[in-house]
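Single-structure report; data block below.
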Amino acid sequence: MADTRKLKLAIREEEDISRSRRAAFGLMAAVAFSPAEQTRFATAISELTRNIIKYAFDGECALATYADDRKKRIEAWVQDRGPGIADLKQALERGFSTSGTLGHGLNGARDLVDGFRIESSPSGTRVWIMMERSR
């Protein structure tokens, strides 16, 4: 029998970053991801939701888990209603930053997970991340 769990969180202020991180930890623990996997995924969530606060000020984080006898999976969609990213290729380069930081946010999140997709337009940015393991 499959076990599916979903959760959607508004991201509007700093405390929403830690709230989304805790939610990722909780959902992953419920479907038996290891503590190291939980940390990797939750760190990616932190980076992506921090970008909402820093660049867009309003967005959401939707999390979903799926587990059955053969596999377990977690996905997140982090999206904002900000101005979008003018040059996605450049934004994903190591060390690129428009705010004076180290520029590890997007590509760091990408490195922590098994699946990563990003779309951006003048009406916002949407990032999908995923981790999946066999049971």
Side-chain angles (χ1 to χ4, degrees):
M1 176 175 236
D3 177 17
T4 304
R5 299 163 193 243
K6 295 181 180 182
L7 180 62
K8 188 183 283 189
L9 304 164
I11 307 297
R12 294 193 180 100
E13 52 196 15
E14 283 284 329
E15 65 195 42
D16 295 332
I17 297 168
S18 58
R19 196 165 50 98
S20 63
R21 182 179 172 88
R22 285 190 309 272
F25 269 113
L27 286 174
M28 291 183 81
V31 294
F33 276 90
S34 74
E37 291 165 331
Q38 293 172 38
T39 299
R40 287 178 43 215
F41 197 83
T43 300
I45 291 291
S46 291
E47 291 296 331
L48 298 173
T49 55
R50 186 175 321 291
N51 282 351
I52 291 175
I53 301 301
K54 189 184 294 185
Y55 299 110
F57 315 111
D58 183 35
E60 65 186 30
C61 176
L63 299 159
T65 60
Y66 171 86
D68 64 18
D69 294 339
R70 296 184 332 257
K71 68 180 177 182
K72 55 190 170 187
R73 176 185 185 110
I74 185 164
E75 298 181 344
W77 297 264
V78 180
Q79 62 186 28
D80 65 51
R81 289 171 274 291
I85 300 171
D87 186 338
L88 278 177
K89 184 178 177 186
Q90 185 179 38
L92 289 167
E93 289 177 7
R94 301 221 179 276
F96 177 78
S97 175
T98 58
S99 63
T101 62
L102 297 175
H104 296 302
L106 284 177
N107 57 53
R110 179 179 57 188
D111 291 346
L112 291 168
V113 296
D114 300 329
F116 178 96
R117 282 195 309 260
I118 184 169
E119 307 167 348
S120 193
S121 72
S123 60
T125 299
R126 180 177 168 100
V127 180
W128 169 84
I129 59 174
M130 175 273 298
M131 287 183 88
E132 184 174 82
R133 299 290 180 266
S134 296
R135 288 253 183 203

For this session: Please examine the side chains of Phe57 and Asp80, heavy atoms only from C-beta on, and report whether any two atoms are closer than 4.5 Å.
Result: no
Exercise. Where do Tyr66 and Thr4 come nearest, in terms of heavy atoms and distance?
Worked result: CD1-OG1, 3.8 Å
For this session: State plainly whether the residues Arg73 and Glu75 are in salt-bridge range, i.e. N to O under 4.0 Å.
Result: yes
Exercise. Checking Asp16 side chain against Glu13 main chain: does a donor-acceptor pair fall under 3.5 Å?
Worked result: yes
Exercise. Which atom names give the shortest non-hydrogen contact between Ser46 and Ile17, and what distance separates them?
Worked result: O-CG2, 3.9 Å
For this session: Answer yes or no: is there a side-chain heavy-atom contact under 4.5 Å between Phe41 and Leu63?
Result: yes
Problem set entry | Backbone of Arg126 reached by a side-chain donor or acceptor of Arg117 within 3.5 Å | no
Exercise. Would a 4.5 Å heavy-atom cut-off, applied to side chains only, mark Asp114 and Arg133 as touching?
Worked result: yes
Exercise. Taking the side chain from Arg135 and the backbone from Asp69, do they hold a donor-acceptor pair closer than 3.5 Å?
Worked result: no
Exercise. Are Val78 and Phe116 connected in the hydrophobic side-chain network, where two residues link if heavy atoms are under 4.5 Å apart?
Worked result: yes
Problem set entry | Exercise: identify the closest heavy-atom pair between Glu37 and Met131 | O-SD, 3.7 Å
Problem set entry | Shared hydrophobic cluster, Trp128 / Phe33 (ILVMFWY, side-chain heavy atoms < 4.5 Å) | no
Exercise. Ile118 and Ile129: same hydrophobic cluster, using ILVMFWY side-chain contacts below 4.5 Å?
Worked result: yes
